[in-house]
Amino acid sequence: MGFYERFAEFQLDVLQEVGNIGSGNAATALSILLNKPVNMKVPRVRMLPFEEISELFGGAEEVVVAVFSRVEGDAPGNLFFIISLESARHLLQILVGFPAEETGRGQVFTEMEVSALCEIGNILSGSYLSSLGDFTGLNFVPSVPAIALDMIGAVLSHGVMMYGAMGEHALFIETFFSQGQHAVEGHYFFIPDPDSYAKLFEALGVPLA
Amino acid sequence: MIQTNIVKVGMADLNVLAGSGILKTTGLGSCVGLTLYDRVKKISGMAHVMLPDSSIARDGVPNRAKFADTAVPELVARMEQLGASRERMEAKLAGGAQMFAFSGSAPETMRIGPRNVESCREALRRLSIPIVAEDTGGNYGRSIELDGDTGILVIRSANRGVKEI
């Protein structure tokens with residue numbers, strides 16, 4: 001009997017709402033930054049077996065831009081803001097005005113560009129967590145963000161280590177957002193620590209199973 | 001036959017192969033890809049180790065491939081069932097990176113990569129299996145493929161190209 005079979009359907013709905021509140025606010029922040037409308041899909045709450053984590057997106061070797069915040073406070077967890085290299089380039093063009101021909105080819109970004117992307121991730125993660133804090137009354141304290149341009153599998157596996165002791169799955173609260181026709185597309189992944197669910201449920205008035 | 005037999009190894013997973021073919025695992029971050037090879041019998045094994053020590057397992061029936069201290073003996077046993085000999089096994093390690101750099105004191109979970117590597121070395125030492133090559137540490141992800149005919153380990157990374165050990 002795994003750790004998650006204990007979750008009831010309505011509890012998963014609550015976690016979906018957690019994703020909705022957080023990423024809704026982050027999408028608004030992105031929209032303000034870009035001065036363009038940003039679309040967001042209904043968040044998905046998924047228990048992924050470890051072996052499938054690598055298969056997200058275009059496979060484990062797909063290189064992405066990932067901004068990672070370790071979240072401490074009442075309900076600790078890991079928050080990732082992940083976009084493709086192409087989206088990162090578009091984001092830099094729209095936001096910072098780096099001209100297309102200077103934002104390089106392939107996986108090459110300048111130090112300034114990487115720093116700008118990290119700051120964008122920081123702003124979005126901050127708005128994700130602040131609305132989550134308002135909604136739940138819990139205190140979320142994000143670390144200074146860290147950025148990696150690397151294989152999606154290597155990046156995300158870092159966020160699920162806490163689940164290693166619990167079983168063979170990790171729980172992801174995932175939201176997809178986009179701006180324009182594939183111009184900027186990305187994902188938020190919130191991965192609460194296994195011990196944080198009880199606190200999230202309690203804060204939202206949901207009975208523990 | 002031109003088609004190569006590719007055996008995938010997932011995260012917290014292990015697998016073995018006798019003869020020709022490729023053992024492959026992708027997206028190693030702080031996880032360690034540990035391979036064993038018996039050159040005489042051409043029997044190979046690969047584990048994608050996630051955590052250093054099984055003592056932290058809270059789920060009763062731990063997956064032995066997940067932890068360094070249990071994955072190594074398990075992999076050795078599986079290879080021995082195929083006819084490999086422990087005396088002939090040689091090990092290679094890849095991965096164990098620290099994916100994100102943080103300023104200030106890093107919490108313990110951020111150091112999981114180096115601890116995984118250390119624990120793999122210790123488990124191999126206990127079984128007197130030599131490590132003939134390794135590409136560990138750093139701050140970048142890796143994908144690896146072990147060639148069942150030669151025991152050569154090919155390591156790919158996003159920004160550092162391909163290398164063989």
Side-chain angles (χ1 to χ4, degrees), chain A residues 1-4 48-72 76 78 80 85 106-109 118 121 143-170 193-195, chain B residues 8-13 15 24-33 48-63 65-68 95-113 115-116 138-144 156-160:
Chain A
M1 183 81 169
F3 159 64
Y4 318 93
L48 281 180
F50 291 142
E51 65 212 50
E52 280 177 30
I53 291 168
S54 346
E55 304 307 322
L56 289 167
F57 303 114
E61 295 183 12
E62 173 88 4
V63 176
V64 295
V65 176
V67 179
F68 167 62
S69 302
R70 171 67 193 163
V71 183
E72 297 292 347
N78 296 316
F80 290 88
L85 296 173
Q107 296 155 13
V108 183
F109 288 87
C118 190
S143 68
V144 175
I147 190 167
L149 281 73
D150 215 313
M151 300 175 183
I152 179 84
V155 166
L156 275 183
S157 65
H158 180 82
V160 304
M161 289 301 152
M162 305 294 259
Y163 284 85
M166 309 295 299
E168 302 305 312
H169 296 68
D193 288 355
D195 293 334
Chain B
K8 279 189 140 187
V9 177
M11 185 173 172
D13 185 19
N15 223 324
K24 175 179 179 168
T25 196
T26 50
L28 291 166
S30 52
C31 297
V32 171
H48 185 137
V49 171
M50 186 178 172
L51 291 164
D53 197 302
S54 60
S55 62
I56 62 159
R58 286 195 261 170
D59 58 346
V61 211
N63 165 6
K66 191 160 54 183
F67 306 99
Q98 192 169 328
M99 293 304 295
F100 294 95
F102 284 93
S103 48
S105 63
E108 196 54 12
T109 49
M110 300 298 137
R111 285 202 62 256
I112 202 90
R115 283 169 55 212
N116 277 336
N139 62 350
Y140 54 94
R142 296 167 174 92
S143 287
I144 57 171
R156 274 173 238 286
S157 59
N159 304 311
R160 283 165 182 78

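Computation of the quantities below employed the complete heavy-atom set of this structure, encompassing side-chain atoms and omitting hydrogens, waters and symmetry-equivalent molecules. A quick note: this is a predicted structure, and the numbers were derived from the prediction, not measured.
- Across A:L149 and B:N159, no two heavy atoms sit closer than the pair O-ND2, 3.4 Å.
- Between A:F50 atom CZ and B:D13 atom CG the span is 12.0 Å, to the nearest 0.5 Å.
- For the pair B:S30 and A:H158, the tightest heavy-atom approach, listed with the atom from each and the gap, is OG-ND1, 4.4 Å.
- Looking at B:L28, the atoms closer than 4.5 Å to chain A (heavy atoms on both sides) all sit in the backbone: N, CA, C or O.
- Nearest heavy atom pair, residue A:A154 against residue B:G141, reads CB-CA, 3.6 Å.
- Closest non-hydrogen pair, A:D150 versus B:N139, comes out as OD2-O, 4.1 Å.
- Contact detail for A:M151 and B:S143: the closest heavy-atom pair is SD-OG, 3.6 Å.
- The shortest distance between side-chain heavy atoms of B:F100 and A:V155 falls below 4.5 Å.
- Both the backbone and the side chain of B:R156 have a heavy atom closer than 4.5 Å to some heavy atom of chain A.
- Distance CG/A:L48 to CE/B:M11: 11.0 Å, rounded to 0.5 Å.
- Annotation for A:M161 and B:M50: closest pair SD-O, 3.6 Å, computed over non-hydrogen atoms.
- The structure places CD1 of A:I147 at 12.0 Å from CE of B:M99, a figure rounded to the nearest 0.5 Å.
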